[in-house]
Amino acid sequence: MNCRNTFRVQSCCFASNSSALSSSEMKGEIQESNSKAKVKQLVDKIRATPPKERSKVLEFMIEKQGDTKTIGYFNDLIMGLVMAEELDYALKLFDEMSMHGFSPDCWTYSILIRCYCKKNQPDEGKRVLDCMIENGLRPNVVTLTILVNSLCSRGRLQKAFEVMEMMGKVGCNPNVQTYNCVLKGLCFVGRVEEAYDMLMDLKNKGDSKESSGNPDIYSYTAVMDGFCKVGRTDEAMELLEEAIEMGLTPNVVTYNALFNGYCKEGKPRKGIKLLKLMKDRGCVPDYISYSTLLHGLLKWGKVMVAYWVYSEMVEVGFKVDERMMNSLLRGLCRNSWEEEELLKNVYEVFVKMKSWDHSIFPDTYYLIIQTFCIGNEVDMALITLIEMVEAGYFPRMVTINRMIRGLCEEGKISKALSVLVVVCEAGKIPSKISYNILIDEFNRQGFLLGACSVYGAALKLGMIPHQMPLNPQQNRSL
DNA sequence: CTAGGGTTAG
């Protein structure tokens, strides 16, 4: 749509002022409540209306308002639309204002800037700003910060600096929050060094009591995060110390940035040390803290520490991601082959996953079954195998054979046979190895008949098992 | 006289 053109036209005829209505003339739905409440009320109303009916409802609202419309009324409406994410409608209403005989005021323009920023069109926002200033209107810091932030978060640093300069010229100096947006923007485009320099500038200026104020913990966090993202977490740690020395209190977000850094750098244990330090300093880790660390530990194969973090998460009432749980469980399985003690941890995590309705991935199933077999828990392994089938996965033949071998090693041959049945019932063809294992076990137990029937079954499927049924006498003599 | 801004994961 041609918002641009309309915008130009309106900004030219801006000078005229509509006659103000006295408050006693205000009637209808919107009366004594203040603007903030009205806007909120409107937002709720828009949200409660199905998208298709929204334009009708708004038209009706504007019409019903009749002669009592004021510029403030329009501002509230447009603001409400922006807040309800009805951005195009907000622009449309802005265009329509003039038809109702109103010229936008400073507040209208500020809302418009905000609207364009939300639409990811900061350049349009900048145009509105230029226009405002041409018309002698002065936006305030907050509006300008919104614009600076929008530019910075899209990497448009150059333009952001232009806006900052403009701010100074109209006597509206950027404050800490504005600078924080720039710090984040610089880091975002990889100019961490510049961000660091700017932070130091802020600190020194702050000492000389300039109005822009001292950097706060947000400033430090932004730069620290920048360092962490480029693999310079140790330097970020130095900044943490500096922030503390300055009397600032790092918060969860600050620590989380560091956790992320250490985990990416392959030093998740440093993260764990920091976690302890954080707690000692009275800062409570949140879900992001834990999952960042857990993810890092698993990524770098620190299974036991990962399990420790997992337990703490459960203890404080957090759930763990399906993917991470699978990964943790696989790690525990592998470790349990060396440390038998871990079998109960495997089981515990396995049960927990099911209680959270997490699905267990096929690879994970395979490892659990194998682990139970190795840990002499063949019955558990079999139950798991059946669960796996019920979950809609069909085990690979290696898994099947591992299971059959596990059961045979404990002499549980009828259960081993039942595995073969499961395979056949699923319409799959068992591998020759399965038959070999079974025949071998029947032979070992001296069941010639059993061995023969398995052998026969294999032949029926066109397979000739390597293992032959043996006469018990022959068997014994071997 | 109205509203509105900034930091964290995979």
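Quick note on labels: first sequence line is chain A, next is B, and so on, each numbered from 1.
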Between B:dG10, B:dG4, B:dG6, which one does the side chain of A:R114 approach most closely?
B:dG4

Of the candidates B:dT8, B:dG5, B:dT2, the side chain of A:T178 sits closest to B:dG5

Integer-rounded Å distance: B:dT7 C1' and A:L202 CG
15 Å

Between B:dA9 atom C1' and A:Y287 atom OH, what is the distance in whole Å?
10 Å

Are A:D123 and A:R127 close enough for a salt bridge, meaning some N to O gap below 4.0 Å?
no

For the pair A:K354 and A:E387, find out whether any cationic side-chain nitrogen is under 4.0 Å from an anionic carboxylate oxygen.
yes

Is it the case that over 12 heavy atoms from other parts of the model lie below 6.0 angstrom from the NZ atom of A:K40?
no

Length of the CE-C1' vector between A:M325 and B:dG10, whole Å:
17 Å

For A:Y220, answer base if it contacts any base atom (sugar-phosphate contacts may also be present), sugar-phosphate if it contacts only those atoms, and nothing otherwise; contact means non-hydrogen atoms under 4.0 Å.
nothing

Side-chain N or O of A:N260 closer than 4.0 Å to phosphate OP1/OP2 of B:dG10
yes

By the 4.0 Å heavy-atom rule, please label A:K118 as base, sugar-phosphate, or nothing.
nothing

Measure the distance from CG on A:D286 to P on B:dT7 and round it to the nearest whole Å.
15 Å

Using the side-chain heavy atoms of A:Q177, tell me which of these nucleotides is nearest: B:dT7, B:dG5, B:dA3.
B:dG5

Please work out if A:S291 contacts a base, only the sugar-phosphate, or nothing of the nucleic acid, heavy-atom cut-off 4.0 Å.
base

Answer yes or no: does a side-chain N or O of A:K184 lie under 4.0 Å from OP1 or OP2 of B:dT7?
yes

Out of the candidates A:E193, A:E265, A:E238, only one should pair with A:R232 under the salt bridge (charged side-chain N to carboxylate O under 4.0 Å, His left out) rule; please name it.
A:E193

Any donor-acceptor pair, under 3.5 Å, between the side chain of A:T145 and the base of B:dG6, if you only look at N and O atoms?
no

Ion pair present between A:E241 and A:R281, side-chain N to carboxylate O less than 4.0 angstrom?
yes

Could you tell me the separation between the CG atom of A:L147 and the P atom of B:dG6, rounded to a whole number of Å?
13 Å

Does this structure show an ion pair linking A:E124 with A:K119, if we count only N-O contacts that are shorter than 4.0 Å?
no

Phosphate OP1/OP2 of B:dA9: any A:K229 side-chain N/O under 4.0 Å:
yes

Is A:D216 touching bases, backbone alone, or none of the nucleic acid, heavy atoms closer than 4.0 Å?
base

Within this structure, what is the CD1-to-C1' distance between A:I146 and B:dA3, rounded to whole angstrom?
9 Å

Spacing between A:D225 atom CG and B:dT8 atom P, to the nearest angstrom:
5 Å

Would you indicate what A:T254 reaches in the nucleic acid, counting non-hydrogen atoms under 4.0 angstrom: base, sugar-phosphate, or nothing?
nothing

Just how far, in rounded Å, is P of B:dA3 from CG of A:D76?
9 Å

Taking any heavy-atom pair under 4.0 Å as a contact, classify A:I288: base, sugar-phosphate, or nothing.
base

For A:K264, report the nucleic acid contact type (base, sugar-phosphate, nothing); a contact means any heavy atom under 4.0 Å.
sugar-phosphate

